[in-house]
Structures are given as structure tokens and as C-alpha cells.
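Residue indices begin at 1 and follow the sequence shown.
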Amino acid sequence: MKKKITIIGGAGTIGSVLCNGLRNKYEMTILDKKAPAQGVDFVEVDATNYEMLLNSIQKDSEALIHLLTVKTDNDLKDVEEFHKMTQVHFMATFYTFRAAIELGIPKVVFASSNHTTDYYENNGCSSLGREINTNDYPYSGGLYGVLKLASENMGHILAREEDNNLSIINLRIGSVQPDELKAVREEDRLHRTLLSHADTVQLFDLALQSTVKYGTYYGVSDNPRKPWSTETAWKELGFVSKENAMDVLKKGEE
């Protein structure tokens, strides 16, 4: 019998990649404001409304994947934009964690971001003279990264409370593109920061299967001169990149 997972904010790029790659292994339900392109179970939900979210999650889900995101401009200059970002990238994350606890769902995979440490990265290159790792102090260049980090830290508090019976895996995602071949051909930065579709599927699958109570890992393919280290993802989750940016380019030439 397939495991049941619920993907919150699953109508975007990463949700589409996961639906295509994991639909034969998991029974998936998408919660989002808009319907996904794939023919999977879908419930229209505003995840910034806790009661709506709680009542929409399948009670027999074995894991939640939290992908919810929004783009804004001037979020540190405009109070309304700040509140919008905070609602989506912090409050809704708390609601997902809280719902998992309330419903007895033992696992949340949280799509964090490389932007938690983007102060150290310039055009896909690390400024540290080595790969950025999860031990580096997380300086961010914007509110998005700050809120992703705050959500990671909130997850640490909730996961370590034994009564919650909750495992939280944070994946600091690199660059996932809807048309990765076209994107890699057009943008040099992606030669270093790409997380290929194949590796996205593998990384989330490993996170779902993991017995780690709480962990934070960078998600990037094994690209030449990649800025982030995936050593802990390899050691603790078993992640080994299957397809990097150069492989994507070569495949497109065949």
C-alpha cells in the first residue's frame, strides 16, 4: 500500500516535479490556492488560515511536505508586503508544524532555502573559499531567507519536544527550474546552483524515508564549483547526486 503524503503549496514548480517523480510510490494530495497541472487529488486551501488548513489535511497522511511560497517586492520597505511575507513564510509554516502535531502526523519535510545564507554567495559562487555548510552562521541578504531560518529554528523547538512525536527535515533548496534545460542554457549561475529534477525527487524521497529526528541539509546537484556542501545530506540521508547541470546540458544535445 502506498504511503499517503500531503503537499502544502504543491501547485508550483517543486510540487510538479515531485508529483511527476513520486506519484507511483506515494499517494499524494495537493493543498494550494490553485489546482496543479498534474491529475492528483487536490483541495483548494489558503494555508495562512489555520482552521482551513487543519480541516483540509487528510487525517491518515503519514507525512507533510511544506512548499508554500510567495514573491513580493520591497518587503522591508512596505509594511503590507512585510506582513504578506511573514504570513506565508513563517505563520503558515508554524500552522503546518502545528497541524502535524494536532493530527499525529510524524513527519514534515520543510522546503527551506539557500537564501538563509545567501550573504556568502555571489552569482552561484561561495565567497568563503570553500563550500558553504550548515555550520556557517546563517547571514541572509533578505527577509525571505530570514523567515526561512526562523521557520527552521521553530521546527527545532517543536521536534525536540518528545510529546510532539514529530520529525522535521529542512531542505535548503538550490535552484529548481520548470524547464531546466532551457534555464541552464540561458543562465550561467544555474551551472553551479541547479538542483536537477532527478535530484529533487531523490532528496525529498530520502527525507520522507529518513529516521532523523531533526536535520537541515542543502539541496544542490553535484555541479562543478557548487556553492553549498551536501556532505551531511550524503552522510545522514544517503543523498548522492544523479544528474547535475552538465548532465542536463548533455542530455539536451542528444
Short side-chain donor-acceptor distance under 3.5 Å, Asn244 and Ser221 = no

For [X] against [Y], the heavy-atom pair lying closest together:
X: Ile105; Y: Leu166; answer: O-CD1, 3.6 Å
X: Ser61; Y: Leu64; answer: CB-CD2, 4.4 Å
X: Thr116; Y: Leu149; answer: CG2-N, 3.8 Å
X: Asn133; Y: Ser229; answer: CB-CB, 4.1 Å
X: Tyr50; Y: Arg98; answer: OH-CG, 3.5 Å
X: Thr193; Y: Pro227; answer: CG2-CG, 4.1 Å

Under the side-chain contact (heavy atoms from CB on, under 4.5 Å) criterion, do Phe204 and Val17 qualify, and how do the steps go?
-> CA-CA 11 Å; Phe204 275 85; Val17 170; over 6 Å; no

Should we count [atom1] of [X] as having more than 12 external heavy atoms under 6.0 Å?
X: Lys2; atom1: NZ; value: yes
X: Lys25; atom1: NZ; value: yes
X: Arg225; atom1: CZ; value: no
X: Asn122; atom1: CG; value: no

Could you identify which residues cluster with [X], counting Ile, Leu, Val, Met, Phe, Trp and Tyr as linked when any side-chain heavy atoms lie under 4.5 Å apart, either directly or through a chain of such contacts?
X: Leu249; value: Leu181, Val184, Leu190, Leu194, Met246, Val248
X: Met1; value: none
X: Leu128; value: Tyr119, Tyr120, Ile132, Tyr137, Tyr139, Tyr218, Val220, Trp228

Separation of [Y] [atom2] from [X] [atom1] (nearest 0.5 Å):
X: Met28; Y: Thr6; atom1: CE; atom2: OG1; result: 11.0 Å
X: Leu208; Y: Lys3; atom1: CG; atom2: NZ; result: 7.5 Å
X: Ser112; Y: Leu147; atom1: OG; atom2: CG; result: 10.5 Å
X: Lys213; Y: Asn165; atom1: NZ; atom2: CG; result: 6.0 Å
X: Leu203; Y: Phe239; atom1: CG; atom2: CZ; result: 5.5 Å
X: Asn223; Y: Arg189; atom1: CG; atom2: CZ; result: 11.0 Å

Strictly distance-based, threshold 3.5 Å: is any side-chain N or O of [X] a donor or acceptor partner for the main-chain N or O of [Y]?
X: Asp205; Y: Val201; value: no
X: Ser126; Y: Arg130; value: yes
X: Ser196; Y: Asp199; value: yes
X: Asn164; Y: Ile101; value: no
X: Lys148; Y: Asn114; value: no
X: Gln202; Y: Val240; value: yes
X: Ser113; Y: Gly145; value: no
X: Lys107; Y: Ser210; value: yes

Among Thr29, Leu67, Leu31, Ile65, the one residue meeting side chain to side chain contact (heavy atoms under 4.5 Å, CB included) with Ile8 =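 Of the listed options, the one satisfying the test is Leu31.
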
Following the transitive rule for hydrophobic clusters with a side-chain heavy-atom cut-off under 4.5 Å over Ile, Leu, Val, Met, Phe, Trp and Tyr, establish whether [X] and [Y] coincide in one cluster.
X: Leu171; Y: Met154; value: no
X: Tyr95; Y: Ile30; value: no
X: Leu206; Y: Ile168; value: no
X: Ile7; Y: Ile57; value: no
X: Phe110; Y: Val212; value: no

According to ring pair (Phe, Tyr, Trp, His ring centres under 6.0 Å), who are the partners of [X], at least two apart in sequence or on a separate chain?
X: His115; value: Tyr144
X: Tyr217; value: none
X: His83; value: none
X: Tyr26; value: none

Assess whether side chain to side chain donor-acceptor pair (under 3.5 Å) is satisfied between Asp136 and Thr117, documenting all intermediate values.
-> CA-CA 8 Å; Asp136 293 314; Thr117 54; over 6 Å; no

Inter- and intrachain pairs under salt bridge (charged side-chain N to carboxylate O under 4.0 Å, His left out), touching residues 158-183, at least two apart =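 For residues 158-183: Glu152-Arg172, Lys182-Glu186.
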
Can you list every pair that meets salt bridge (charged side-chain N to carboxylate O under 4.0 Å, His left out) and has a residue in residues 58-79, with sequence neighbours left out?
-> Lys4-Asp60

Report the C-alpha separation of Ile173 and Thr200 in whole Å, then their side-chain angles, then the decisive distance to 0.1 Å, and conclude whether the side-chain contact (heavy atoms from CB on, under 4.5 Å) test is met.
-> CA-CA 9 Å; Ile173 305 298; Thr200 299; over 6 Å; no

Mind running side-chain contact (heavy atoms from CB on, under 4.5 Å) on Thr230 and Ser241 for me, showing each step along the way?
-> CA-CA 9 Å; Thr230 55; Ser241 177; over 6 Å; no

Evaluate the side-chain proximity of [Y] to [X]: yes if any heavy-atom separation is below 4.5 Å, no if none is.
X: Phe97; Y: His66; value: no
X: Thr69; Y: His89; value: yes
X: Glu243; Y: Lys251; value: yes
X: Leu103; Y: Gln58; value: no

With sequence neighbours excluded, what pairs up with [X] under the side chain to side chain donor-acceptor pair (under 3.5 Å) test?
X: Thr134; result: none
X: Lys235; result: Glu231
X: Asp46; result: Thr48

